[in-house]
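Have a look at the structure below, then the notes.
Because the structure is a prediction, the values reported are computed rather than measured. Naming: A, B, ... by sequence-line order, numbering from 1 per chain.
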Amino acid sequence: MERKFIEYDFGRVDSERMRLNVGPQHPSTHGVLRLEIELEGEIVTDVIPHIGYLHRCFEKYCEQMQYPQVIPYIDRLDYIASMNNEWPFVMGVEKMMNIQVPERVEYIRVIFAELNRIANHQIAVATFGMDAGAFTPFLYLFRDREMILNLFEHTSGARLLYNYFWVGGLAHDVPPNFKDTALNIIKTVRATNEEVMRLLMGNKIFVERTVKVGILPADVAINFACSGPVLRGSGVEWDLRKAQPYSIYDRFDFNVCVGSNEIGVIGDSWNRNIVRMNEMEQSCRIIEQAIAQMPNEGDVREKFPKKVRPPKGEIYCSAENPKGELGFYLVADGGNKPFRLKSRPTSFVNLAVLPEICKGYMVADLILILGSIDIVLGEVDR
Amino acid sequence: MVKYFKDILLGFWTIMVGMKITMDHLFQKKVTMQYPERFDPIDTGFMPDNSRNKLFVDIDDCNGCGGCERDCPVNCITVETVKTVPSDGPITIKSGAKRTLWVLKHEIDYSKCCFCSLCVESCATSAIFHTKEFDYSGYDRNELKHDFVSYSDEEKQKKLDNFVAYQIVKKQEDAAKKAADEAAKAAAAQITK
Amino acid sequence: MLVQEIYDNLKEKFPEAVLEFIGTATGDPSTVVDAGQIYNICKYLRDQDGLEFDYLALLSGMDYKDKFGTVYHLYSLKYKHRFVIKTYLPKEDPSLPSVERIWKTANWHEREAYDMFGIKFENHPNMIRILCPYDWEGYPLRKDYVGQETYHGVRIPV
Amino acid sequence: MGNFVFDLIGKNIVAALVICIIPLVFILPYALIAILGELKIGAWMQDRVGPMRTGWKGVLQPVAEVVKLLQKEDITPTIANKPLFNLAPFIVFIGAFAAFAVLPFSEKFIPSGINLGLFFVFAVGSFAVIGIVMGGWASNNKYSLLGAMRSVAQIISYELPAGMVFLSIATIAGTLDMQTIILNQSGPIWNWYIFGGPQGGAIKFLFIPFFVILFIVYLISSLAETNRTPFDIPEGESEIVAGYHTEYSGMKFAMFFMAEYANMYVVSAIIVILFLGGWSSPFGTSFMDGPIWGIFWMVGKAFFFVFVQIWLRWTLPRLRVDQLMYLGWKVLLPLSIACFMAIAFLAMIN
């Protein structure tokens, strides 16, 4: 694919390049990220990300922790999608210990993971809009996310860091009016999405700001091992839920959303964002199907093992997180603590592509590209 | 040229659409909750029964097993215990089981607590649980440490002394018993000889 | 393609460099290869028709107490198969060729492995620390790591 | 148009001072109201309730903010160029304040009834850019410098379409005097320029589309000149932190703030004067008309456009620098020139 940059002839202009530190404290670095950028006027010629400001030795801690104690730490990786984070770890330990979790648990897990995917994409779209200067859609989306968080709070007891998926089951059963609440949430999410499509995504200014900005060709995206909406925005149809169906995802009918040339160019910021908008709709569909199929009765805690002690061995277990593929490479030595737990942090891998795609654009575009990658610094730095 | 005018019109039209949406919202019902006035933590609509807030330990129910201390991922709980002695009499915890340990210290550092609920899960007697209180603060980090044991220092010291004294007594008794046993054994051996 | 077939294919091509096949009762099987040949093997795995591992999911450094190691988790988006390669490295001065030129994503993963384990990757364009401060001493994820007591005059709480 | 203050207390220095102070007395309460409007309208559009703590329903919030800004430590960066750094906010404010000299409030009251009112507004309108560049450069901050650079390009480019709009109105009105322009439009509502102006007959309807386009062109240019969304590029919060006023704090920041709000009123008032009949009543000369009602109509109409600016701010995302230039040079300028030529032609055959 041909890469289109804003053409600018540096040769003839006798000017000094400016080095600018974007961050660690900057309104739109989504946390404590420092980008050392080199500017030619307003054109970005080089970007060097400096990360690690939020590094808190996650992997070292995990070696000191028993398996159930690791889960609260995993919550704090990508603190916007904690439910999804817990899943690959729990799934990996269950596979190692050969635990078959009950049907009902699988359905509840799917519903919560998809609800959290919606919540995450709402934040991603909202903050992306705010990077472009539109503040109002941000609050509309946050208002709806509040409903999802309320449901999570009524289920797990916490709003953000759930510690809900446990090895062999779930920490609590769902509240009695769970199905109605979930369906109500879907209704609201759809209504707001339609509104955001008109207010933000359809706005000509926003379209002009995002199309043909930060074009990430498919081969580069694969080479950089991008995943999630960043990869799918580049037109690669790769979703772990379809490619290697884990849990019960093969029972649901949903589409993998990919970027298109309809508005903008495949792989630009606009496509990454519209993939998120469409994925919310697909998540709604999955939740509807899951609620219809879900068994009503059953104990979510019946398969809890007495002691979580996976046998000696190693496993790489990954799941399709809202931001992409989150995996845990777990090496167990037969004890009650992991010998080594290496995470494959989605945002870390996706952020690595930033210097590749933002050269030749303006500072304002750099911020938008960073927003369209949708990183969480808790996960980048661990 | 057509695209030029189309773009201008499209830009104008989408701005109008956006302005209509914000104008509609101007007259809609607001969703803000005025926090301290309209917030009632007892109201289940705001806070569910299993919500995870400040921890509380019912020390009369705590048998001092230390499970919460072991299961805490952030080591915010400190439990110190001493064994009971027969002279304390037949004592039980609130739920009726026999108490074998005096809890001398059960301290939770709320500034470290991560509200994961693992301690609640591990407690066999349900002595530790989450309350509905969540807005607490202090001017010093140490103010957020809370010790649930209400014994005075003398009482604690007395319990420790009791235990130590009992250990000595027990040791002597054991020694005496052992000596008696050996004497009996020796006597028995004598007899068999 | 099954993991066993890929292993056989690889063994045929690199009889010297492919050392061992570890199949476990639980979890993923993996293949141990010679660290010095890792670049050639990875290049083969990416470019060979029928294998085409174009996606490096994860590159992790390892400390097995008696030796170091690196683990590569590979996907093929086309054939949807996975493969795991391992290398073992000596305790003294561990180093092996970088695969950054094959998969760009290895850039940051290798920097992280260097940061955490002190494993050096040859031919890497920018072999500096990534998560720890640039002037940090020691390699934190090593099993025998002892932390710094002070950093720029600030005491580090244990 | 005589000035009624001079009539009242004679032509002396006290009268001159009073005339100078009246706009200032107007700006301060107006700025408070506009800030409150910004907070509240923004909140309501986002389904929030906005500030609720200070006073009844939070109406005293802007007062609290001003008091906070006054109390704040006034920080000057050590490496800043101090004289320029300290001077910049005042120059920006003077630019906005000077425009009030020729803004009529009613039939009877205009601080300075010079007959080059439009030209004067145009001239002092570009004054602010000097202050912005001064502040941005003197702050010795790269973000401030970027903001200042953007601001210059923006304000200079949008002066042109605005100038074309002024020119068209001057052509049709035959004057640059504000009061005369308004007097031309007095009478019933269809005498306003946006409805084709005072001329009668069928040719009036030929004028309407061009005036409407000019009206929109000026509305957009005015947003750009006051650095309001979607043209708040010089202070684009998500990109360059706060642009040219990143390093300012306390009272000097308040000056920038006040200048922005004063500018909002100035451009709104000019829209009202040029297209919507200024202080004249929409019900003709017989009903709700007169000097006192004139103030009501003038300020009321201007406040509506202040509201529109706030409304746009909470609706739209921000443009990029090159798109801003594209819009200014390739869309607004050709459109305004075309409209100017059409209007001149129509005025000639009329």
Side-chain angles (χ1 to χ4, degrees), chain A residues 61-62 64-76 82 134-137 139-140 142-144 146-147 150-164 166 171-176 188 192 194-208 263 301 304 336, chain B residues 3-4 6-26 28-33 41 43-55 67-77 112-122 129-132 134:
Chain A
Y61 263 120
C62 289
Q64 325 290 326
M65 294 289 154
Q66 296 162 21
Y67 285 94
Q69 294 178 344
V70 171
I71 297 174
Y73 278 96
I74 287 174
D75 278 341
R76 284 155 176 81
S82 299
F135 190 54
T136 305
L139 283 159
Y140 293 169
F142 263 62
R143 182 195 58 195
D144 284 6
E146 207 65 8
M147 295 175 69
N150 271 339
L151 177 61
F152 285 170
E153 189 189 6
H154 279 78
T155 310
S156 70
R159 292 178 70 79
L160 209 56
L161 305 160
Y162 311 110
N163 189 17
Y164 184 60
W166 285 0
H172 304 275
D173 205 340
V174 292
T188 323
T192 309
E194 191 265 339
E195 207 168 69
V196 170
M197 279 304 280
R198 284 192 292 146
L199 177 59
L200 180 72
M201 305 294 287
N203 191 299
K204 184 75 183 156
I205 299 176
F206 188 74
V207 172
E208 285 296 318
I263 303 176
R301 305 170 72 116
F304 278 174
N336 61 353
Chain B
K3 191 178 176 292
Y4 173 81
K6 224 172 142 184
D7 275 358
I8 293 174
L9 283 179
L10 189 64
F12 194 71
W13 173 247
T14 51
I15 287 170
M16 287 292 146
V17 168
M19 285 173 81
K20 182 176 178 300
I21 290 172
T22 39
M23 187 43 98
D24 289 348
H25 277 272
L26 188 57
Q28 268 178 18
K29 197 171 171 290
K30 309 296 172 244
V31 293
T32 309
M33 273 192 285
D43 186 346
T44 47
F46 287 109
M47 205 170 275
D49 292 335
N50 60 355
S51 63
R52 309 207 300 253
N53 299 309
K54 195 174 182 178
L55 283 166
C68 46
E69 190 184 13
R70 274 195 304 279
D71 269 13
C72 181
V74 290
N75 300 334
C76 75
I77 304 176
K112 281 187 189 170
C113 179
C114 75
F115 306 100
C116 61
S117 202
L118 285 175
C119 51
V120 177
E121 207 58 39
S122 71
F129 52 87
H130 289 286
T131 58
K132 302 245 174 197
F134 63 95

Exercise. Mind ranking B:I15, B:V31, B:D7, B:T22 by heavy-atom pairs under 4.5 Å with chain A and telling me who comes out on top?
Key: B:D7

Quiz prompt | chain B contacts, top residue of A:F206, A:Y73, A:Y140, A:Y162 (heavy-atom pairs, under 4.5 Å) | solution = A:Y140

Exercise. State whether the number of non-hydrogen atoms from other residues, nucleotides or ligands found under 6.0 Å of A:F304 atom CZ is greater than 12.
Key: yes

Exercise. May I ask you to name which of A:E195, A:E208, A:M65 has the most heavy-atom pairs under 4.5 Å with chain B?
Key: A:E195

Quiz item: Any donor-acceptor pair under 3.5 Å linking the side chain of A:R143 with the backbone of B:T32?
Solution: no

Quiz item: Under the criterion side chain to side chain contact (heavy atoms under 4.5 Å, CB included), which of B:V17, B:T14, B:I21 is the partner of A:L199?
Solution: B:I21

Self-check item: B:K30 atom NZ: more than 12 heavy-atom contacts under 6.0 Å
Solution: yes

Quiz item: Side chain of B:R52, backbone of A:E153: donor and acceptor closer than 3.5 Å?
Solution: no

Quiz item: Are more than 12 heavy atoms from other residues, nucleotides or ligands located less than 6.0 Å from atom CZ of B:F12?
Solution: no

Quiz item: Stepwise, does the side chain to side chain contact (heavy atoms under 4.5 Å, CB included) test hold for A:W166 with B:L118?
Solution: CA-CA 11 Å; A:W166 285 0; B:L118 285 175; 4.0 Å; yes

Practice problem: Give the member of B:S117, B:G18, B:C114 that has the highest number of heavy-atom pairs under 4.5 Å with chain A. | Solution: B:C114

Practice problem: Using atom types as modelled and distance alone, determine if a side-chain donor or acceptor of B:N50 lies under 3.5 Å from a backbone N or O of A:T155. | Solution: yes

